[in-house]
Amino acid sequence: MVSLLLAVIYLAFIGLGLPDSLLGSGWPIMHREFGLPISYMGVISMIISGGTILSSLMSERLTKRFGTPLLTAFSTFLTAAALFGFSTAHNFLSLCLWSIPYGLGAGAVDAALNNYVSVHYNSRHMSWLHCFWGVGAIISPYIMSFALSHSNWNNGYRIVSFLQIAIVIILILTLPLWNIWKNQSYDSPAKKATGIIGALKIKGVPCLLIGFFAYCAAESTVMLWTSSYLADVRGFSEKSAAAFASLFFIGITAGRFISGFISDKLGDRKMIRLGFFIAIIGILLILIPVKFDILVLGGFTIIGLGCAPVYPCIIHSTPANFGADNSQAIIGIQMASAYIGSTFMPPVFGIIANNISLKLMPFYIAAFFVLMIFMTDKTFGKVNERSRAAADKFALKK
């Protein structure tokens, strides 16, 4: 039963990843169809992320009231409806309006499932959870590329919305599976909510939020702008650029699969450091001033490999470092800080790309990786010895 529930959670995370690479893959065509500047992708991204920020901040209260399984099923349905709405859009305003429910759904399920797995499962399962997010994110560019080759971008969104509906049905049919952890639930309504203010007062949390903000700013910039970078800077065709954008997601997915075998042994902190150094290597490959396609494509793949352990290890370390009773509140704020990075930093790069050059993308993401490693190291340094002892005790319980 435990393994079957884990499979259902993995499936839900495939659903979470499915839409995340659609916008970046389709935008080179979409912005021309609507007669919009390339930077307007950032506006849609900001609206989506605004919804995720709001629902992430509310995740602790929503989870306590409705429980993780119901919240996951409803949030997935909300994103499915929004994606179908995208497929019917024929103007920029429609895209903006449908971005609202998409963001609200994504933020709630992201925060709830991340906390659920970090509390109930080992680090390897957190890595594999996000590996399955990558599976969804890998599939989407190919769906969009197929749609562009045979019809239009609208059908790319429509296909993904149908896949999401199928996942919703499976989530509803498997709701009884979640009862296996009922007696160990940390989202019980009887437990007093930590709250946003209470979480921010915990030592080390502010540094963690800045580090998570920086990582997600870098990751989302790569996700959204890789296709445009390949098309406009490296001269790939739009269809090829949409397909090759999946290399980042292939790297991140493969990396998370591998991380699952070593994360319990190395620990969250070492895995985050390892990811940083690998990502920097990928950036350096892109910057080599030689017109050799395999270098830039390999560079984006290696950046994905470097990103692989960072997100799951930051999340997984939260209940161990700050206590399981505080983790839903802190992870909710982490999600919000992550989406603030996703909201504002890719559009900022859009402005830079419009007014200076898309060629600055590698330098832009490198700056955020440096900020990320500095702040996450500072976070672990602020966790006192008592917290570390509690972390060891918590890990042994799992």
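- Applying the side-chain hydrogen bond (donor to acceptor under 3.5 Å, both in side chains) rule to Ser357 yields no partners; only residues at least two apart in sequence or on another chain are considered.
- Between atom CD1 of residue Ile315 and atom CG of residue Asn115 there is a gap of 9.0 Å, rounded to the nearest 0.5 Å.
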Derivation and outcome, side-chain hydrogen bond (donor to acceptor under 3.5 Å, both in side chains), residues His316 and Asn122: CA-CA 8 Å; His316 185 263; Asn122 291 327; 5.7 Å; no

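- Listed by first then second residue, pairs satisfying side-chain hydrogen bond (donor to acceptor under 3.5 Å, both in side chains) with a partner in residues 297-312 read Asp110-Tyr311, not counting sequence neighbours.
- Residues Gln334 and Thr318 have side chains that bring a donor and an acceptor to within less than 3.5 angstrom of each other.
- Scanning both residues, Ser259 and Pro309, for their nearest heavy atoms gives OG-CB, 3.8 Å.
- Here side-chain hydrogen bond (donor to acceptor under 3.5 Å, both in side chains) pairs that include residues 96-107, with residues two or more places apart or in two chains, are Asp20-Tyr102.
- Within the structure, every pair that satisfies the ring pair (Phe, Tyr, Trp, His ring centres under 6.0 Å) test and touches residues 213-241, not counting sequence neighbours, is listed here: Trp225-Phe349, Tyr229-Phe300, Phe236-Phe244.
- Shown here are the side chain to side chain contact (heavy atoms under 4.5 Å, CB included) partners of Leu285, two or more places apart in sequence or in another chain: Ile288, Leu295, Ile302.
- Counting only residues at least two apart or in different chains, salt bridge (charged side-chain N to carboxylate O under 4.0 Å, His left out) contacts with residues 327-356 are absent.
- Checked by atom type and distance alone, the side chain of Thr253 pairs as donor or acceptor with a backbone atom of Phe249 at under 3.5 Å.
- Contact of the Arg256 side chain with the Trp128 side chain is not registered, since no non-hydrogen atoms from C-beta on lie closer than 4.5 Å.
- Remark: Leu148 engages Ile29, Met144, Trp153 in a side chain to side chain contact (heavy atoms under 4.5 Å, CB included) (not counting sequence neighbours).
- Shown here are the side chain to side chain contact (heavy atoms under 4.5 Å, CB included) partners of Ser317, two or more places apart in sequence or in another chain: Asp268, Asn321, Phe380.
- Applying the side chain to side chain contact (heavy atoms under 4.5 Å, CB included) test to Ala279 and every residue at least two apart in sequence or in another chain returns Phe369.
- Take Asn354 and apply the side-chain hydrogen bond (donor to acceptor under 3.5 Å, both in side chains) test, not counting sequence neighbours, and it matches Ser39.
- Listed by chain and residue number, Tyr40 satisfy the ring-ring contact (aromatic ring centres under 6.0 Å, His included) test with Phe92 (two or more places apart in sequence, or in another chain).
- By the side-chain hydrogen bond (donor to acceptor under 3.5 Å, both in side chains) test, Asn152 pairs with no residue at all, sequence neighbours left out.
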